[in-house]
Amino acid sequence: MDRIKSLRGFRDIYGDEVKKFRYVEEVCRKYFNLFGYKEIITPVLENTGLFIRSIGETTDIVEKEMFTFKDLSGESVTMRPEATAGIVRAYLEQGIFAKERISKLFSIGPMFRHERPQKGRYREFRQIDVEVFGINDPMLDAELIWMTTLILKEIGLENYTIEVNSVGCSDCREHFRQMIVGYFEGIKDDLCEDCKRRLQRNPLRIFDCKNTKCKEISASSPFLFDHLCEPCKTHFNDFIRHLESLGIKVNINKRLVRGLDYYTGTVFEIVSQELGSQNAFLAGGRYNNLVESMGGPKVPGIGFAIGLDRLVLLVKEIKEKITPVFFFAYLGERAKKFIFPFMEEFIINNLKLLYLPEAKSLKSQLRYADSIRADYVLILGEDEIEKGIVIVRNMSKGNQLDIPLDVSTLIPNLQGLFEK
Ligand code: HAM
């Protein structure tokens with residue numbers, strides 16, 4: 001019979017890769033806790049309007065990449081392409097803004113974008129997302145970057161670049177928009193069809209175009225960074241000053257634009273040359289107007305998302321706490337009855353005892369123990385039951401010894417062995 005395959009851009013994650021995912025999550029959770037973040041879980045499916053309004057109608061994500069469909073009641077729903085919009089909705093819907101002056105939130109989960117799949121780019125991918133509401137101080141912008149450098153250090157990552165820029169507030173953006181409309185109008189015919197439309201509706205999006213010709217044109221156009229208003233300039237300079245005091249080196253990249261419309265002021269990306277063309281494994285920035293534009297009070301916000309699928313590609317080694325693996329090899333019905341009582345003792349003591357159900361011979365069980373890399377094998381057959389002993393074999397050294405067949409003293413006797 002034909003097998004049904006997974007969808008293009010959707011993938012199974014298992015074995016060592018899953019371990020890396022959980023490891024990165026664990027390190028992130030540790031630092032989120034130390035920096036005072038609380039977890040929030042929001043739905044994967046949201047009203048389509050939520051993303052149009054927050055990410056922006058003329059962005060690639062909204063125009064081309066969303067998994068949008070009508071549900072059975074005819075409502076237009078979308079599989080979330082990113083986490084910020086849903087978290088802002090929850091922040092307002094749950095009245096979090098009224099309960100806390102400052103909210104530091106994080107969320108971990110799958111996102112969906114209908115992009116062309118390639119290494120590091122999938123249609124379902126996972127993000128570790130961080131959002132802070134209620135503070136406009138540039139010290140916080142630096143704190144976020146600092147926290148990520150601590151996370152990356154613990155994960156063992158050294159070769160990366162932090163790119164930073166400011167995309168200004170709505171005032172400096174409006175001023176700049178008028179300026180560059182004139183600039184691009186003069187060379188309109190060289191722009192791609194999408195950018196010709198963008199010129200009418202949202203000219204700043206031209207800077208985000210992937211078309212080679214448009215990239216060339218925007219590279220030689222004026223930069224918004226050079227036309228920031230005074231408060232935006234001061235904010236950015238203070239941000240850089242705080243980073244310097246933390247000893248964090250960044251690259252000011254005036255060309256850095258983000259693919260989402262909600263950003264104001266500070267934006268950043270962390271990139272690794274090891275990743276190829278999809279080189280950003282973390283990205284974010286400030287969004288001081290988003291909460292208000294979603295119908296809430298005027299509350300500033302800032303956040304970032306780690307692209308977990310990309311970050312794990314860079315993880316070489318996992319610092320795992322090593323606990324020995326025990327395996328129980330049994331022969332005969334009487335010995336089989338000891339499996340669950342033995343396992344229970346192990347579990348109570350946070351230890352792992354595995355066994356092979358339906359085992360036929362000692363040989364097949366030892367072969368299996370080897371395949372799962374068991375450190376110690378406990379062997380129990382009729383002879384051992386008669387003698388009141390359990391044989392314990394050290395799989396790496398090959399030697400073995402006897403311990404009493406007594407559930408209550410089993411773990412202390414074994415601990416004596418492997419803690420030596
Ligand atoms: P973003 O730049 O669209 O920002 O995505 C953040 C990160 O998610 C990217 O740098 C990348 O590592 C990963 N990513 C994006 N698309 C894919 C894909 N198709 N396959 C694999 N990984 C991908 C945001 O999503 C913002 N919500 C970040 C943010 C939070 N800004 C403020 N708060």
Side-chain angles (χ1 to χ4, degrees), residues 8-9 48-49 51-68 76 78-79 81-82 84-85 111-123 125 163-168 170 172-228 251-264 267-269 271 273 275-281 283-285 287 305 307 310:
R8 196 162 125 78
T48 304
F51 303 111
I52 299 178
R53 189 144 31 125
S54 55
I55 298 170
E57 223 170 337
T58 52
T59 56
D60 276 358
I61 297 180
V62 169
E63 279 188 340
K64 309 176 190 165
E65 295 169 1
M66 295 208 299
F67 281 88
T68 295
S76 179
T78 296
M79 310 277 286
E82 59 105 54
T84 313
M111 310 294 150
F112 304 85
R113 294 183 195 175
H114 200 282
E115 293 189 86
R116 196 171 48 77
Q118 65 181 91
K119 184 188 165 207
R121 188 165 72 191
Y122 313 98
R123 290 183 175 172
F125 58 98
E163 309 265 341
V164 298
N165 191 15
S166 173
V167 295
S170 32
C172 34
R173 271 227 292 274
E174 182 48 32
H175 178 243
F176 183 68
R177 198 183 70 84
Q178 287 169 11
M179 202 177 112
I180 54 151
V181 166
Y183 176 86
F184 284 122
E185 276 293 346
I187 41 173
K188 193 163 74 181
D189 293 345
D190 294 337
L191 294 171
C192 74
E193 288 311 309
D194 277 348
C195 283
K196 281 185 189 134
R197 257 184 316 113
R198 287 175 181 136
L199 186 56
Q200 304 305 318
R201 299 172 68 193
N202 189 354
L204 291 178
R205 284 257 72 85
I206 296 174
F207 291 97
D208 195 32
C209 184
K210 309 285 182 301
N211 180 295
T212 324
K213 186 84 192 145
C214 298
K215 268 185 171 170
E216 267 172 36
I217 295 173
S218 56
S220 48
S221 75
F223 292 116
L224 172 55
F225 186 84
D226 297 321
H227 300 271
L228 294 175
N251 180 27
I252 299 175
N253 178 357
K254 297 182 187 179
R255 238 171 246 174
L256 179 67
V257 284
R258 305 276 301 117
L260 307 98
D261 273 352
Y262 50 63
Y263 292 107
T264 53
V267 290
F268 49 88
E269 278 187 8
V271 298
Q273 293 326 317
L275 285 173
S277 65
Q278 301 305 313
N279 62 358
F281 62 82
Y287 47 85
R310 289 188 195 169

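- Here the NE2-CZ distance, from H227 to F176, works out to 6.0 Å after rounding to the nearest 0.5 Å.
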* To do: Report the C-alpha distance between R113 and E82 in whole Å, list the side-chain angles of each, state the deciding distance to 0.1 Å, and finish with yes or no for salt bridge (charged side-chain N to carboxylate O under 4.0 Å, His left out).
  => CA-CA 9 Å; R113 294 183 195 175; E82 59 105 54; 5.7 Å; no
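- The pair R53-D261 fails the salt-bridge criterion, with no side-chain N (NZ, NE, NH1 or NH2) lying under 4.0 Å from an Asp/Glu carboxylate O.
- Counting only heavy atoms from C-beta outward, the side chains of S221 and F184 approach each other to under 4.5 Å.
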* To do: Verify side chain to side chain contact (heavy atoms under 4.5 Å, CB included) between Q118 and Q278, making sure each step is shown before the conclusion.
  => CA-CA 9 Å; Q118 65 181 91; Q278 301 305 313; 3.6 Å; yes
* To do: Dump the intermediate steps for side chain to side chain contact (heavy atoms under 4.5 Å, CB included) on I180 and L204, then the final yes or no.
  => CA-CA 8 Å; I180 54 151; L204 291 178; 3.9 Å; yes
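- The distance from the NZ atom of K213 to the SG atom of C192 is 12.0 Å, given to the nearest 0.5 Å.
- Side chains of R8 and R123 form a contact here, defined as non-hydrogen atoms less than 4.5 Å apart.
- Side chains of F51 and T68 form no contact here, defined as non-hydrogen atoms less than 4.5 Å apart.
- Between N202 and T59, every side-chain heavy-atom pair lies at or beyond the 4.5 Å cut-off.
- With rounding to the nearest 0.5 angstrom, the NZ atom of K215 is 9.0 Å from the CG atom of N211.
- Shortest non-hydrogen contact noted between V181 and P203 is CG2-CG, 3.6 Å.
- In this structure, R310 contributes its side chain and L275 its backbone to no donor-acceptor pair below 3.5 Å.
- A donor atom on one side chain and an acceptor atom on the other are not found under 3.5 Å apart for Y287 and T84.
- Checked by atom type and distance alone, the side chain of N253 pairs as donor or acceptor with a backbone atom of R255 at under 3.5 Å.
- In this structure, CD1 on I55 lies 9.0 Å from OG1 on T78, to the nearest 0.5 angstrom.
- A pairwise comparison of heavy atoms in P222 and M179 identifies CB-CE, 3.8 Å as the closest pair.
- Taking both residues in full, the closest heavy atoms of G168 and L228 are given as CA-CD2, 3.6 Å, listed atom of the first, atom of the second, then distance.
- Here the closest heavy-atom approach between residue L199 and residue K188 is recorded as CD2-CD, 3.6 Å.
- Partners of D194 under the salt bridge (charged side-chain N to carboxylate O under 4.0 Å, His left out) rule, at least two apart in sequence or in another chain, are K64, R197.
- At least one donor-acceptor pair closer than 3.5 Å links the side chain of N165 to the backbone N or O of L256.
- Distance check, rounded to the nearest 0.5 Å: OG of S218 to CG of L191 gives 9.0 Å.
- Legend: residues meeting side-chain hydrogen bond (donor to acceptor under 3.5 Å, both in side chains) with E193, ordered by chain and number and at least two apart, are K196.
- Here the CZ-SG distance, from F207 to C214, works out to 11.5 Å after rounding to the nearest 0.5 Å.
- T58 and E63 are not linked by any side-chain donor-acceptor pair at a separation below 3.5 angstrom, with hydrogens and angles left out of the test.
- The two residues L224 and C172 have their closest heavy-atom pair at CD1-O, 3.9 Å.
- Within the 4.5 Å cutoff, the side chain of V257 has no heavy atoms near those of the Y263 side chain.
- Two residues are said to be in side-chain contact when any heavy atoms from C-beta on lie closer than 4.5 Å; V164 and N251 fail this criterion.
- Counting non-hydrogen atoms of neighbouring residues, nucleotides and ligands closer than 6.0 angstrom, the CD atom of E174 exceeds 12 such neighbours.
- Just one of R198, R116, R258 meets the salt bridge (charged side-chain N to carboxylate O under 4.0 Å, His left out) condition when paired with D60; it is R198.
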